[in-house]
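In what follows, residues are counted from 1 in the order of the sequence shown.
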Amino acid sequence: MHGLTRDDIEQAARQVYAVMPPTAQYAWPLLAERLNTTVWVKHENHTPTGAFKVRGGITFMHWLKRTYPAVKGIVTATRGNHGQSLALAATALGLSASIVVPEGNSPEKNNAMRALGGTVIECGRDFDEAREEAARLADVHGHYLVPPFHIELLKGVATYALELFMAAPDLDTVYVPIGCGSGICGVIAARDALGLQTKVVGVVSTEAAAAKWSFEEGTLLQTPSANTFADGLAVRQPIPAAFAIYRAGAERIVAVSEEEIAEAMRVYYTDTHNLVEGAGAAALAALIQERQAMAGKKVGVILSGGNVDRSVYARVIG
């Protein structure tokens with residue numbers, strides 16, 4: 001379905017490593033003790049933007065420059081991590097980056113996008129409304145509208161999964177959060193390219209469970225709202241191209257509550273001293289939920305990002 005070969009992902013990795021080193025994956029002993037299973041954590045909180053998305057931004061911009069050399073700028077919608085990624089990658093290649101965020105978006109993520117060279121525009125009640133405004137702006141200014149999911153983004157994202165699988169090829173299961181879907185699709189693509197048998201389990205918020213419902217019904221469904229503090233999971237409907245990949249390649253999708261996510265953020269701090277945003281903690285929250293079934297196995301969890309506002313984190317950790 002995704003059609004990515006090992007060679008595709010290794011080429012993408014070379015582009016990524018020109019900007020950043022690979023991130024670490026560690027089997028943390030305290031997590032193993034707590035959950036009675038070997039837990040490999042993939043630390044995407046340690047990229048230059050604090051989240052996995054930067055990888056896709058890098059590969060996407062290379063493709064854009066090759067394919068549309070006349071393009072002067074890009075426009076996209078985000079809750080933060082995708083926008084930081086594209087601001088960094090676009091600015092590095094001399095393109096302007098306009099980033100539309102929903103009103104009341106994380107001030108710290110907005111500041112980070114500006115610091116990386118992006119112009120931040122607040123518009124709409126949620127991510128889906130911000131996307132509509134981004135499309136309008138791209139049209140008005142003749143800039144390239146970067147979608148939340150694209151095969152060239154996927155190539156870059158798949159590089160983190162390649163690193164994880166090279167370090168720990170015998171994982172039984174990997175848990176991955178699902179927002180727009182590039183993370184889980186990247187894990188599926190790398191697994192398939194390497195010919196591994198690892199099961200891939202997606203994780204959504206109970207407050208934004210469209211991907212889970214769609215997966216179980218076999219057709220695209222949407223939710224009326226996506227009110228979760230895990231902003232990377234706050235999506236009301238699956239992206240069709242991503243859904244096609246994880247519908248075919250995922251084992252199942254687990255929903256975790258706000259409290260389960262908050263508890264996983266606390267566990268990460270206690271057991272690994274890593275700071276994790278809500279979406280970044282979702283995979284561990286799902287493993288904690290399923291720990292009986294996973295006992296004695298080797299499991300991977302994707303810590304997708306650490307960009308949580310100080311006020312939110314203070315509330316969770318307190």
A.B. asks: Is there a donor-acceptor pair under 3.5 Å between the side chain of Asn111 and the backbone N or O of Glu108?
C.D. replies: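 Side chain of Asn111 to backbone of Glu108, a donor-acceptor pair under 3.5 Å: no, none is there.
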A.B. asks: Is Glu259 salt-bridged to Arg266, going by a charged N under 4.0 Å from an acidic O?
C.D. replies: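 Salt bridge flag = yes for Arg266 with Glu259.
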A.B. asks: Out of curiosity, does Trp40 fall in the hydrophobic cluster containing Val299 (side-chain heavy atoms, cut-off under 4.5 Å, transitive links)?
C.D. replies: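 Cluster IDs for Val299 and Trp40 differ.
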A.B. asks: Atom CZ of residue position Arg114 - does it have more than 12 heavy atoms of other residues, nucleotides or ligands inside 6.0 Å?
C.D. replies: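 Atom CZ in Arg114 is crowded, with more than 12 foreign heavy atoms closer than 6.0 Å.
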A.B. asks: Tell me whether the count of non-hydrogen atoms from other residues, nucleotides or ligands lying under 6.0 Å of CZ in Arg125 goes above 12.
C.D. replies: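 Not buried by this count: 12 neighbours or fewer within 6.0 Å.
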A.B. asks: Please report the C-alpha distance between Val316 and Tyr269 in whole Å, then the side-chain angles of each, then the deciding distance to 0.1 Å, and finally whether the side chain to side chain contact (heavy atoms under 4.5 Å, CB included) criterion is met.
C.D. replies: CA-CA 11 Å; Val316 166; Tyr269 189 79; over 6 Å; no
A.B. asks: Report yes or no: does Arg191 contribute a side-chain atom to a donor-acceptor pair with the main-chain N or O of Thr198 at less than 3.5 Å?
C.D. replies: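 Looks like yes, one N/O pair under 3.5 Å.
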A.B. asks: Side-chain polar contacts of residues 176-184 - donor-acceptor pairs under 3.5 angstrom, sequence neighbours left out - could you list them?
C.D. replies:
none

A.B. asks: Where do Arg236 and Ala210 come nearest, in terms of heavy atoms and distance?
C.D. replies: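 Distance-wise, the nearest heavy atoms are O-CB, 3.2 Å.
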A.B. asks: Return yes when atom OH of Tyr26 has more than 12 non-hydrogen atoms of other residues, nucleotides or ligands closer than 6.0 Å, and no otherwise.
C.D. replies: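 No - once you tally the heavy atoms of other residues, nucleotides and ligands closer than 6.0 Å, there are 12 at most.
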A.B. asks: Without swapping roles, check the side chain of Ser106 against the backbone of Asp309 for a donor-acceptor pair under 3.5 Å.
C.D. replies: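 Absent.
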A.B. asks: Heavy atoms only: give me the nearest Ile9-Thr159 pair and the separation to one decimal.
C.D. replies: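 That would be O-CG2, 3.6 Å.
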A.B. asks: Hey, mind stepping through Leu86 and Met61 against side chain to side chain contact (heavy atoms under 4.5 Å, CB included) and telling me if it holds?
C.D. replies: CA-CA 8 Å; Leu86 291 173; Met61 286 304 157; 3.5 Å; yes
A.B. asks: If I take atom CZ from residue Phe149 and atom NE2 from residue His82, how far apart are they, to the nearest 0.5 angstrom?
C.D. replies: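 The NE2 atom of His82 is 12.0 Å from CZ of Phe149, to the nearest 0.5 Å.
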A.B. asks: Which of these, His46, Lys42, His43, sits in a side chain to side chain donor-acceptor pair (under 3.5 Å) with Thr23?
C.D. replies: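 Going through His46, Lys42, His43 one by one, the side chain to side chain donor-acceptor pair (under 3.5 Å) with Thr23 is satisfied by Lys42 alone.
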A.B. asks: Looking at Asn307, is its backbone amide N or carbonyl O close enough to the side chain of Asn81 to form a donor-acceptor pair, meaning the two atoms are under 3.5 Å apart?
C.D. replies: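 Such a contact is absent between Asn81 side chain and Asn307 backbone.
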A.B. asks: Could you please spell out the steps behind the salt bridge (Lys or Arg N to Asp or Glu O under 4.0 Å) verdict for Glu290 and Lys297?
C.D. replies: CA-CA 12 Å; Glu290 296 193 341; Lys297 296 184 169 154; over 6 Å; no
A.B. asks: If only atom types and distance count, is the side chain of Gln15 paired as donor or acceptor with the main-chain N or O of Phe60 below 3.5 Å?
C.D. replies: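 Checked: no pair found.
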A.B. asks: Just verifying a value: how many Å separate Thr76 OG1 and Leu137 CG, rounded to the nearest 0.5 Å?
C.D. replies: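 Separation between the atoms: 11.5 Å.
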A.B. asks: Work out which heavy atom in Pro238 is nearest to a heavy atom in Tyr246; give both atom names and the distance.
C.D. replies: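 For Pro238 versus Tyr246, the nearest heavy atoms are CB-OH, 3.4 Å.
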A.B. asks: Val71, Val75: one ILVMFWY side-chain cluster at the under-4.5 Å cut-off?
C.D. replies: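 No; tracing contacts between hydrophobic side chains, which count when under 4.5 Å, never links both residues.
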A.B. asks: Is it possible for you to say whether Met113 and Ile74 belong to one hydrophobic cluster, with membership spreading through side-chain heavy-atom contacts below 4.5 Å?
C.D. replies: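 Per the 4.5 Å side-chain linkage, Met113 and Ile74 are not co-clustered.
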A.B. asks: Membership question, hydrophobic clusters at under 4.5 Å side-chain separation (ILVMFWY): are Trp63 and Leu4 in the same one?
C.D. replies: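 Cluster IDs for Leu4 and Trp63 differ.
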A.B. asks: Are any of the side-chain heavy atoms of Leu88 and Val19 separated by less than 4.5 Å?
C.D. replies: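 SC-SC contact between Leu88 and Val19 confirmed.
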A.B. asks: Any side-chain heavy atom of Asp7 sitting closer than 4.5 Å to one from Gln11?
C.D. replies: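 Asp7 vs Gln11: side chains touch.
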A.B. asks: In terms of the angle between their ring planes, are Tyr68 and Tyr144 parallel, tilted or perpendicular, with boundaries placed at 30° and 60°?
C.D. replies: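 Ring orientation, 0 to 90° scale: tilted.
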A.B. asks: Nearest 0.5 angstrom please: His141 NE2 to Ser96 OG, how far?
C.D. replies: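 Rounded to the nearest 0.5 Å, the NE2-OG separation comes out at 9.0 Å.
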A.B. asks: Arg55 vs Glu163, test: salt bridge (Lys or Arg N to Asp or Glu O under 4.0 Å). Steps then yes/no.
C.D. replies: CA-CA 12 Å; Arg55 297 170 183 267; Glu163 293 165 13; 2.8 Å; yes
A.B. asks: Any sub-3.5 Å donor-acceptor pair from Ser214's side-chain atoms to Leu221's backbone N or O?
C.D. replies: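 Indeed, once roles are kept as given, a pair shorter than 3.5 Å links the two residues.
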A.B. asks: Evaluate side chain to side chain contact (heavy atoms under 4.5 Å, CB included) for Met294 paired with Leu287, printing each intermediate quantity in order.
C.D. replies: CA-CA 8 Å; Met294 289 295 137; Leu287 171 58; 3.7 Å; yes
A.B. asks: Just wondering, do Ile302 and Leu164 contact through their side chains at under 4.5 Å, heavy atoms?
C.D. replies: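 Answer yes - side chains close enough.
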A.B. asks: Decide yes or no on side chain to side chain contact (heavy atoms under 4.5 Å, CB included) for Leu95 and Lys65, but give the supporting numbers first.
C.D. replies: CA-CA 9 Å; Leu95 300 175; Lys65 274 292 244 207; 4.3 Å; yes
A.B. asks: Is there a side-chain contact between Val308 and Met265, using heavy atoms and a 4.5 Å cut-off?
C.D. replies: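 In contact.
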A.B. asks: Mind checking whether Cys185 and Val157 have side chains closer than 4.5 Å, heavy atoms only?
C.D. replies: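 Not in contact.
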A.B. asks: Quick one: closest heavy-atom pair of Val203 and Leu233, and the distance?
C.D. replies: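 Smallest heavy-atom distance, with atoms named: O-CD2, 4.1 Å.
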A.B. asks: Any donor-acceptor pair under 3.5 Å linking the side chain of Thr59 with the backbone of Gly56?
C.D. replies: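 Yes, because the side chain of Thr59 sits within donor-acceptor range (under 3.5 Å) of the backbone of Gly56.
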A.B. asks: With a 3.5 Å distance limit and no angle check, can you tell me whether Gln84 reaches the backbone of Ala112 through a side-chain donor-acceptor pair?
C.D. replies: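 Absent.
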A.B. asks: How far does CG of Asp126 sit from CG of Asp231, to the nearest 0.5 angstrom?
C.D. replies: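 Rounded to the nearest 0.5 Å, the CG-CG separation comes to 12.5 Å.
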A.B. asks: With a 4.5 Å heavy-atom cut-off, do Asn274 and Trp28 have their side chains touching?
C.D. replies: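 When only atoms from C-beta onward are counted, Trp28 and Asn274 do touch, with a gap below 4.5 Å.
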A.B. asks: Do Glu122 and Asn110 come within less than 4.5 Å of each other through their side chains, counting heavy atoms only?
C.D. replies: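 With C-beta onward as the side chain, the pair touches.
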A.B. asks: Return yes if some donor-acceptor pair links the side-chain N/O of Lys298 with the main-chain N/O of Thr38 below 3.5 Å, else return no.
C.D. replies: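 Side chain of Lys298 to backbone of Thr38, a donor-acceptor pair under 3.5 Å: no, none is there.
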A.B. asks: Taking OH in Tyr313 as the centre, count heavy atoms belonging to other residues, nucleotides or ligands within less than 6.0 Å. Is the count above 12?
C.D. replies: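 Yes - once you tally the heavy atoms of other residues, nucleotides and ligands closer than 6.0 Å, there are more than 12.
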A.B. asks: Please verify the inter-ring angle class for Tyr160 with Phe52; under 30° counts as parallel, over 60° as perpendicular, anything in between as tilted.
C.D. replies: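 Tyr160 vs Phe52 ring planes: perpendicular.
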A.B. asks: Given the rule that I, L, V, M, F, W and Y join up when any side-chain heavy atoms are under 4.5 Å apart, are Ile239 and Val235 in one cluster?
C.D. replies: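 No; tracing contacts between hydrophobic side chains, which count when under 4.5 Å, never links both residues.
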A.B. asks: Closest heavy-atom contact between Tyr175 and Ala286?
C.D. replies: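 Shortest heavy-atom contact: CD2-CB, 3.7 Å.
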A.B. asks: Can you tell me if Gln197 has over 12 outside heavy atoms packed within less than 6.0 Å of its CD?
C.D. replies: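 No, CD of Gln197 has 12 or fewer neighbouring heavy atoms, counting only those of other groups under 6.0 Å.
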A.B. asks: So, taking the atom named CE in Met20 and the one named OG1 in Thr49, what distance separates them when rounded to the nearest 0.5 Å?
C.D. replies: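 Interatomic distance, Met20 CE to Thr49 OG1, rounded to 0.5 Å: 8.0 Å.
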A.B. asks: Between the main-chain N or O of Val204 and the side-chain N or O of Lys212, is there a donor-acceptor pair closer than 3.5 Å?
C.D. replies: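 Flag not set: sc Lys212 to bb Val204 has no pair under 3.5 Å.
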A.B. asks: Do the charged groups of Glu277 and Lys109 touch, with an N to O distance under 4.0 Å?
C.D. replies: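 Yes, charged N to carboxylate O under 4.0 Å.
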A.B. asks: Does any donor atom in the side chain of Glu258 or Thr228 lie under 3.5 Å from an acceptor atom in the other side chain?
C.D. replies: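 Their side chains do contain a donor-acceptor pair, which is all the 3.5 Å distance test asks for.
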A.B. asks: Which distance, rounded to the nearest 0.5 Å, do you find between the NZ of Lys155 and the CG of Leu162?
C.D. replies: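 Here the interatomic distance stands at 14.0 Å.
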A.B. asks: With respect to Leu284, which candidate in Asp271, Val41, Val276, Leu35 satisfies the side chain to side chain contact (heavy atoms under 4.5 Å, CB included) definition?
C.D. replies: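 Testing Leu284 for a side chain to side chain contact (heavy atoms under 4.5 Å, CB included) against Asp271, Val41, Val276, Leu35 leaves exactly one candidate, Leu35.
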A.B. asks: Specify the closest pair of heavy atoms between Leu31 and Thr272, including all atoms of both residues, with the distance to one decimal.
C.D. replies: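 Nearest pair, atom of Leu31 first, then Thr272: CD1-CG2, 4.0 Å.
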